[in-house]
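Contents: one structure, followed by commentary.
Just so you know, these numbers come straight off a predicted model, no measurement behind them. Below, all heavy atoms of this structure are taken into account, side chains as well, without hydrogens, waters or symmetry copies.
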Amino acid sequence: KGGGKISKLMKGKVIFMKAKIKSFILKYLLICIGSVIYAVAISLFLDPNGIVPGGFTGIAMIIAKFFPDFKIGTVVLILNIPIIGLGIYKFGIRFLTSTIVSVVLSSVMINLLLPFGPLTTDPLLACVAGGCLMAIGLELVLMQGATTGGTDIIVKLLRLRFRGISAGTLFIFTDGLVVLCAALVYKNVDSGLYATLCIIISAVVMDHILNGSNEAKMILIVSDKYREITETLMNDLDAGVTLLDGVGAYSGKEKKVVLCVIRKSRVSHALKVIKNTDDQSFAIITTANEVFGEGYKLHGGDSF
């Protein structure tokens with residue numbers, strides 16, 4: 001019996017280790033893929049068309065404008081060395097290991113891809129394609145708990161001191177400064193406007209990737225047949241439902257208000273349920289930008 005228990009324990013440990021190794025490999029594989037996609041956006045779309053995306057990559061592009069012998073990827077790596085050092089001091093080497101991998105790989109790939117030139121010379125197409133690819137690459141990296149270095153680490157450090165300022169505000173401020181400098185250096189207002197458009201496209205795409213699959217609708221229903229509606233929503237649509245106490249302002253009568261959060265794809269079905277159960281009911285539908293809890297995103301705060 002004792003031997004059997006030990007054998008089962010060893011098998012459990014082996015399975016656990018295999019799962020851990022698989023998770024580790026997948027994590028760094030996605031970081032590498034994201035870093036390469038990010039490098040493609042910079043080298044084959046944005047830089048050849050003079051579009052500065054903000055961040056340390058944008059600063060590197062400005063520096064490379066004055067010192068052509070320096071490659072953008074090399075400048076990005078040099079700029080990141082002191083920032084990563086400071087990050088290691090504040091957060092520890094284990095926290096930034098994946099970031100170091102991302103920074104080094106993306107910098108190397110930017111240099112390797114630059115000689116291939118632009119895939120398009122249309123600045124608008126380059127702006128859209130570059131912004132989308134940059135967002136996809138960044139999101140793949142960020143989802144694995146890593147960053148691309150640069151302003152990501154700076155914002156994280158600033159957040160330690162200025163907790164009242166959101167990470168989004170700090171990113172807008174830092175990227176805005178880089179874009180403004182780029183417009184002055186390139187002496188081209190169009191370049192600055194394209195850079196701004198690129199940043200907006202990137203932000204929208206990242207937000208869609210992050211929240212798109214979790215996008216939901218919140219429905220508030222006032223009906224005398226709230227019990228039937230609640231049961232149908234829970235049983236047929238597997239929707240989360242909460243009953244709230246309400247009072248009619250005109251009638252003064254107590255009423256139950258049904259609060260339901262449901263995925264966007266099931267809204268039409270939910271409306272049919274409400275209509276078929278009580279066509280005299282009152283319903284309000286609004287978008288729930290973020291939903292945390294069972295069936296949606298895990299609870300968590302601002303990662304920065």
Shortest non-hydrogen separation from Ile262 to Ala270 and the atoms involved = CD1-CB, 4.0 Å
Enter the distance from Ser202:OG to Ile136:CD1 here, rounded to the nearest 0.5 Å.
-> 9.5 Å
Is there a side-chain contact between Ile201 and Cys132, using heavy atoms and a 4.5 Å cut-off?
-> yes
Quick one: does Leu244's side chain get under 4.5 Å of Thr242's, heavy atoms only?
-> yes
Under 3.5 Å donor-acceptor, Thr230 side chain and Tyr226 backbone = yes
Looking at CD1 of Ile83 and CD1 of Ile78, how far apart are the two atoms once the value is rounded to the nearest 0.5 Å?
-> 13.5 Å
Passes side-chain contact (heavy atoms from CB on, under 4.5 Å), Gln280 versus Ser223? Steps please.
-> CA-CA 8 Å; Gln280 299 299 313; Ser223 170; over 6 Å; no
Is a side-chain donor or acceptor of Ser191 paired with a backbone partner of Gly50 at a separation under 3.5 angstrom?
-> yes
For Val189, the rest of its hydrophobic cluster, which grows through side-chain links under 4.5 angstrom = Leu193
In Å, rounded to the nearest 0.5 Å, how long is the span from CD1 of Ile51 to CD1 of Ile199?
-> 11.0 Å
Can you name the nearest heavy-atom pair linking Ser43 to Leu113, along with the distance?
-> CB-CB, 3.6 Å
Within one Ile-Leu-Val-Met-Phe-Trp-Tyr cluster: Leu243 and Met234, side-chain cutoff 4.5 Å = yes
Could you list all the side-chain hydrogen bond (donor to acceptor under 3.5 Å, both in side chains) pairs where at least one residue sits in residues 44-73, not counting sequence neighbours?
-> Tyr38-Thr57
In this structure, SG of Cys32 is separated from CG of Leu105 (nearest 0.5 Å) by 5.0 Å
Can you name the nearest heavy-atom pair linking Pro48 to Pro118, along with the distance?
-> CB-CB, 3.5 Å
Output yes when a side-chain donor or acceptor of Ser107 lies under 3.5 Å from a complementary backbone atom of Val103, and no otherwise.
-> yes
Shared hydrophobic cluster for Ile84 and Ile81 (ILVMFWY, side-chain gaps under 4.5 Å) = no
Treating Ile, Leu, Val, Met, Phe, Trp and Tyr as nodes and any side-chain heavy-atom pair under 4.5 angstrom as an edge, say whether Leu77 and Leu86 lie in one connected cluster.
-> yes
Evaluate whether atom CG of Asp224 has more than 12 neighbouring non-hydrogen atoms of other residues, nucleotides or ligands under 6.0 angstrom away.
-> no
Would you say Ile284 and Ile219 make side-chain contact, with heavy atoms under 4.5 Å?
-> no
Common cluster, Phe70/Ile63, ILVMFWY with side-chain heavy-atom separation under 4.5 Å = yes
Hey, does Asp190 have a side-chain heavy atom less than 4.5 Å from the side chain of Pro123?
-> no
Step-by-step side-chain contact (heavy atoms from CB on, under 4.5 Å) determination, Leu271 to Ile285 = CA-CA 10 Å; Leu271 290 176; Ile285 302 174; 3.3 Å; yes
Side chains of Lys27 and Ser98 in contact at under 4.5 Å (non-hydrogen atoms) | yes
Within-4.5 Å side-chain heavy-atom neighbours: Val257 and Ile221 = no
Give the cluster check for Ile72 versus Val179: same hydrophobic cluster or not, with ILVMFWY residues linked at side-chain heavy-atom distances below 4.5 Å.
-> no
Parallel, tilted or perpendicular, as decided by the 30° and 60° cut-offs, for the rings of Phe24 and Tyr28 | tilted
Closest non-hydrogen atom pair, Cys127 against Leu46 = CA-CD2, 4.4 Å
Results of salt bridge (charged side-chain N to carboxylate O under 4.0 Å, His left out) for Asp245 - residues two or more places apart only | Lys256
What are the two closest heavy atoms between Asn80 and Val76, and how far apart are they?
-> ND2-O, 2.8 Å
Atom pair CD1/NE2 of Ile274 and His269 - distance to nearest 0.5 Å = 11.0 Å
Nearest non-hydrogen partners of Ser106 and Ala39, listed with the distance = O-CB, 3.8 Å
Please tell me if the side chains of Met218 and Leu259 come closer than 4.5 Å, counting only heavy atoms from C-beta onward.
-> yes
Considering only heavy atoms from C-beta outward, does the side chain of Cys181 approach that of Ile62 to under 4.5 Å?
-> yes
Donor-acceptor contact below 3.5 Å, side chain Asp279 vs main chain Lys275 | no
Main-chain N/O of Ile31 paired with Ser35 side-chain donor or acceptor, under 3.5 Å | yes
Leu124 side, atom CG; Leu197 side, atom CG - distance, nearest 0.5 Å = 6.5 Å
Go through the steps to decide whether Val258 and Leu220 satisfy the test side-chain contact (heavy atoms from CB on, under 4.5 Å), and finish with yes or no.
-> CA-CA 6 Å; Val258 180; Leu220 289 170; over 6 Å; no
